[in-house]
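Throughout, protein chains are lettered first and strands after them, A, B, ... in sequence-line order, and every chain is numbered starting at 1. These values consider heavy atoms only, across backbone and side chains, with no hydrogens, waters or symmetry-generated copies.
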Number of protein chains: 2
Amino acid sequence: MEKVELLPELLELFRQQGYEGVSIAHVSKATGLGKSSLYHHFPEGKEQMAKEVLEYIYKAVKQNFVAPLKAEGEPREKLTEMSKVIEGFYDSGRKGCLIDGLTLGEASAPFQQQVAQSLEAWIQAIADVAVEAGLTKKLARERAEAALIAIQGGLVVSRALRDYQIFKRVARSLPRLVLDGQ
Amino acid sequence: MEKVELLPELLELFRQQGYEGVSIAHVSKATGLGKSSLYHHFPEGKEQMAKEVLEYIYKAVKQNFVAPLKAEGEPREKLTEMSKVIEGFYDSGRKGCLIDGLTLGEASAPFQQQVAQSLEAWIQAIADVAVEAGLTKKLARERAEAALIAIQGGLVVSRALRDYQIFKRVARSLPRLVLDGQ
DNA sequence: GTCTATACTAGGATAGAC
DNA sequence: GTCTATCCTAGTATAGAC
């Protein structure tokens, strides 16, 4: 198993269980690799795993969300496309989000900056699209933040109520939220 | 130390560290009680602690959020009042939310129902106020869900970006969000 | 690169004295 | 109701063979 193939597996674990909830034994079971093999790939242990997952996420966010928004196209169409990708990426809210798990507790302090970086890049890309659509910079920023708030809050509330229609509705409302403020 | 005084302390721990992030040793340090004293109060250990914290939260939600919304008064005024209470309750977003910590991971499965119950009571109370203000039942429900999504998402995003102005803005926008849909 | 075996620490939980 | 002492398991991490 290549290291590149390990990361999606690790991502899945961290988003489901949170940093503290993941043990090396869990990782071993999920990947099929023995503990020593894991330490071969990640000499600094679990902390390194989380850091590499966050780098992986950063790239995924850039590739899946930021790049399409920066490409040529109508603002509303690009945001609609983003909504669809989001639904898939989070499996309509069933998958939860890394942010929850990796910003909770003191053990997660080392990851805060990396989490913020991915989130910031995403917000900025949405804000740029909103500016492209004619909004002021200030308003665009606020709407972009509102979009991410809706996404993250949608994940939390959907999971808590076990009602994934809620997340679907949130995802689909994003273009309106950003461009029309509702 | 009375048991009643322990619960706010435990609440603080769980919302900061999440369920898995809290150890009995942490609790012992935070409360000043030895392990055995803790097991005297909570014979079933950490799981019981979390359950009692959730009961405590349920009462707090009813008292702080639901009851004021059910009282006599103008819908917009009641929601404005709720916004202020929310800002204080979450210390403007610095305190994080139990939902994150207690719905993450398999260890948290036993709490899901209780978490959902508190959240549901709160959403329902907001929806009732919206109906009172003239909205249809369906729309009121959606707006109430949107309010809780904004609150929870606001907590996640504020914490991730370490920008607590974001949460303040969310809290203050709630009456508009519910009554005017923006 | 992966395994088995092992060391060590931290976490959960209990017994029994006061 | 609280303490000290102790037990056991799970968790992190490493050594060394293949």
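Across dT12(D), dC3(C), dG12(C), the shortest atom-to-atom separation from the side chain of S36(A) is found for dC3(C). Side chain of S23(B), nearest nucleotide from dC3(C), dG11(C), dT2(D): dG11(C). The A25(A) side chain lies nearest to dG11(D) when the options are dG1(D), dG11(D), dG12(C). Each of dC3(C), dC3(D), dT12(D) was ranked by its minimum atom distance to the side chain of S37(B); first place goes to dC3(D). Listed nucleotides: dG1(D), dT2(C), dT14(C). Nearest to the side chain of Y39(B): dT14(C).
Taking atom CD1 on I24(B) and atom P on dT9(C), their separation rounds to 21 Å, with Å as the unit. Distance Y19(B) OH to dG12(C) C1': 10 Å, rounded to the nearest Å. In this entry the distance linking NE2 of H40(A) with P of dA17(D) reads 17 Å, nearest Å. dC8(D) atom P lies 15 Å from atom NZ of K35(B), rounded to whole Å. Computed from coordinates, the L6(B) CG to dG1(D) P distance equals 11 Å when rounded to whole Å. The separation between F42(A) atom CZ and dT12(D) atom P is 14 Å, rounded to whole Å. Rounded to an integer number of Å, the gap from E44(B) CD to dT14(C) C1' is 15 Å. Atoms NE2 (H26(A)) and P (dT12(D)) sit 9 Å apart, rounded to a whole Å.
Heavy-atom contacts from other residues, nucleotides or ligands closer than 6.0 Å to CZ of R162(A) number 12 or fewer.
Residue K46(A) places at least one side-chain N or O closer than 4.0 Å to OP1 or OP2 of dT12(D). For the OP1/OP2 pair of dT2(D) and a distance below 4.0 Å, the side-chain nitrogens and oxygens of H41(B) include at least one atom meeting the criterion.
Taking a cutoff of 4.0 Å between a charged side-chain nitrogen and a carboxylate oxygen, R141(A) and E145(A) qualify as a salt bridge.
A side-chain N or O of S23(B) and one of H26(B) form a donor-acceptor pair less than 3.5 Å apart.
Relative to the six-membered ring of Y19(B), K46(B) meets both conditions, a distance below 6.0 Å and an angle of at most 45° to the axis. Taking the ring centre of F89(B) as origin, the terminal cationic atom of R15(B) falls inside the region bounded by 6.0 Å and 45° from the ring axis.
V27(B) comes within contact range of no nucleotide atom at all, as no heavy-atom separation falls under 4.0 Å.
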